[in-house]
Amino acid sequence: MQVKIDTNAKDIARRIGKKGKALSGSVKKALSKTAQAGINIIEARTSKGVGFKKGKFKKYTPIYAAFRASRGRSTNPDLQFTGQMLSAMTSRASSKKAEIFFTRATESKKAAMNNKSRPFFGFSSREEKQLSKVFFRALK
């Protein structure tokens with residue numbers, strides 16, 4: 001599962017101007033910082049039980065809520081039973097793109113299943129604007 005952050009190429013070209021190849025390394029660094037900020041956004045929002053399409057996650061089934069309660073976990077949906085799924089989220093960046101992904105296949109499958117019923121792996125338009133600001137601040 002991957003999330004791509006698209007940027008406006010004309011805006012980037014205008015800001016970069018004549019600096020060209022000298023900025024290749026700083027673009028990679030800026031993309032890396034942006035991807036990490038994206039991970040932070042996803043983790044913070046998910047821990048509050050809110051999806052990227054706004055609104056709270058749908059409630060757990062009564063059977064699963066009882067199971068969580070019996071294990072001392074909250075019955076409020078936050079997708080964090082053990083914390084392994086979200087902790088497996090990481091990123092990588094090149095000079096052209098950054099990706100946010102899961103390091104372990106089991107956690108990636110878990111995230112894909114959770115994302116179907118409680119969409120958490122993505123960004124709202126407001127969050128995309130925040131990430132754009134992070135990118136351009138890091139580019140300087």
Side-chain angles (χ1 to χ4, degrees):
M1 182 184 302
Q2 297 177 2
V3 172
K4 293 184 181 182
I5 301 168
D6 293 325
T7 58
N8 184 339
K10 289 180 182 178
D11 191 28
I12 292 173
R14 183 175 44 84
R15 290 181 187 229
I16 291 175
K18 297 179 182 178
K19 296 179 183 176
K21 292 182 181 178
L23 285 178
S24 179
S26 60
V27 169
K28 181 178 178 179
K29 186 176 178 182
L31 284 170
S32 181
K33 286 182 178 184
T34 305
Q36 185 56 52
I39 290 172
N40 295 342
I41 288 171
I42 291 171
E43 288 175 346
R45 181 179 8 89
T46 302
S47 68
K48 294 176 187 173
V50 178
F52 77 93
K53 295 181 179 181
K54 297 292 181 193
K56 296 218 176 249
F57 290 142
K58 73 177 189 178
K59 293 186 178 199
Y60 291 134
T61 62
I63 295 170
Y64 186 64
F67 170 74
R68 285 180 62 91
S70 72
R71 298 286 197 260
R73 304 291 197 269
S74 168
T75 57
N76 295 327
D78 62 3
L79 308 182
Q80 298 184 46
F81 188 78
T82 63
Q84 291 180 357
M85 181 183 75
L86 292 179
S87 69
M89 203 174 353
T90 191
S91 64
R92 67 177 157 230
S94 69
S95 60
K96 295 182 181 182
K97 69 178 182 176
E99 294 177 305
I100 298 172
F101 62 99
F102 294 88
T103 56
R104 295 185 299 277
T106 55
E107 305 309 322
S108 182
K109 288 179 186 176
K110 203 184 301 182
M113 294 302 294
N114 279 320
N115 203 48
K116 286 180 184 176
S117 59
R118 296 174 183 88
F120 74 97
F121 199 71
F123 304 103
S124 67
S125 58
R126 190 180 115 256
E127 292 166 342
E128 286 177 356
K129 287 177 185 175
Q130 284 178 301
L131 292 171
S132 176
K133 287 178 184 178
V134 169
F135 175 77
F136 286 117
R137 261 188 263 127
L139 194 58
K140 292 180 182 181

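Bear in mind the structure is a predicted one, so any value in this text is a computation, not a measurement. Residue numbers start at 1 and run along the sequence shown.
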Give a yes or no on whether [X] and [Y] share a hydrophobic cluster (residues Ile, Leu, Val, Met, Phe, Trp, Tyr; joining criterion: side-chain heavy atoms under 4.5 Å apart).
X    : Y   : answer
F121 : I39 : yes
L131 : V50 : no
L139 : L31 : yes

Can you list the residues that meet the side-chain contact (heavy atoms from CB on, under 4.5 Å) rule with [X], with sequence neighbours excluded?
X    : result
N114 : L79, M85, K110, F120
N76  : S74
T82  : Q84

Taking atom [atom1] of [X] and atom [atom2] of [Y], what is their separation to the nearest 0.5 Å?
X    : Y    : atom1 : atom2 : result
T106 : K109 : OG1   : NZ    : 8.0 Å
S87  : F102 : OG    : CZ    : 9.5 Å
K53  : S124 : NZ    : OG    : 12.0 Å
S125 : Q130 : OG    : CD    : 10.5 Å
Q36  : I41  : CD    : CD1   : 10.5 Å
T46  : F57  : OG1   : CZ    : 4.5 Å

Where [X] and [Y] come nearest, the two heavy atoms and their spacing:
X    : Y    : answer
K59  : R118 : O-NH2, 3.1 Å
S95  : V27  : O-CG1, 3.4 Å
F52  : E127 : CB-OE1, 4.2 Å
K33  : A138 : CD-CB, 3.8 Å
A88  : R104 : CB-NH2, 3.7 Å
G122 : R45  : O-NH2, 2.8 Å

| query | Hey, is R68 close enough to D78 for a salt bridge, meaning N to O under 4.0 Å? | reply |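 Salt bridge flag = yes for D78 with R68.
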| query | Within 45° of the six-membered ring axis of F81 and under 6.0 Å from that ring's centre, is NZ or CZ of R73 located there? | reply |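 Yes, a cation-pi geometry.
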| field | F123 side chain near I42 side chain, heavy-atom distance below 4.5 Å | value |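 SC-SC contact between F123 and I42 confirmed.
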| query | Does R137 reach the main-chain N or O of A30 with its side chain, forming a donor-acceptor pair under 3.5 Å? | reply | no
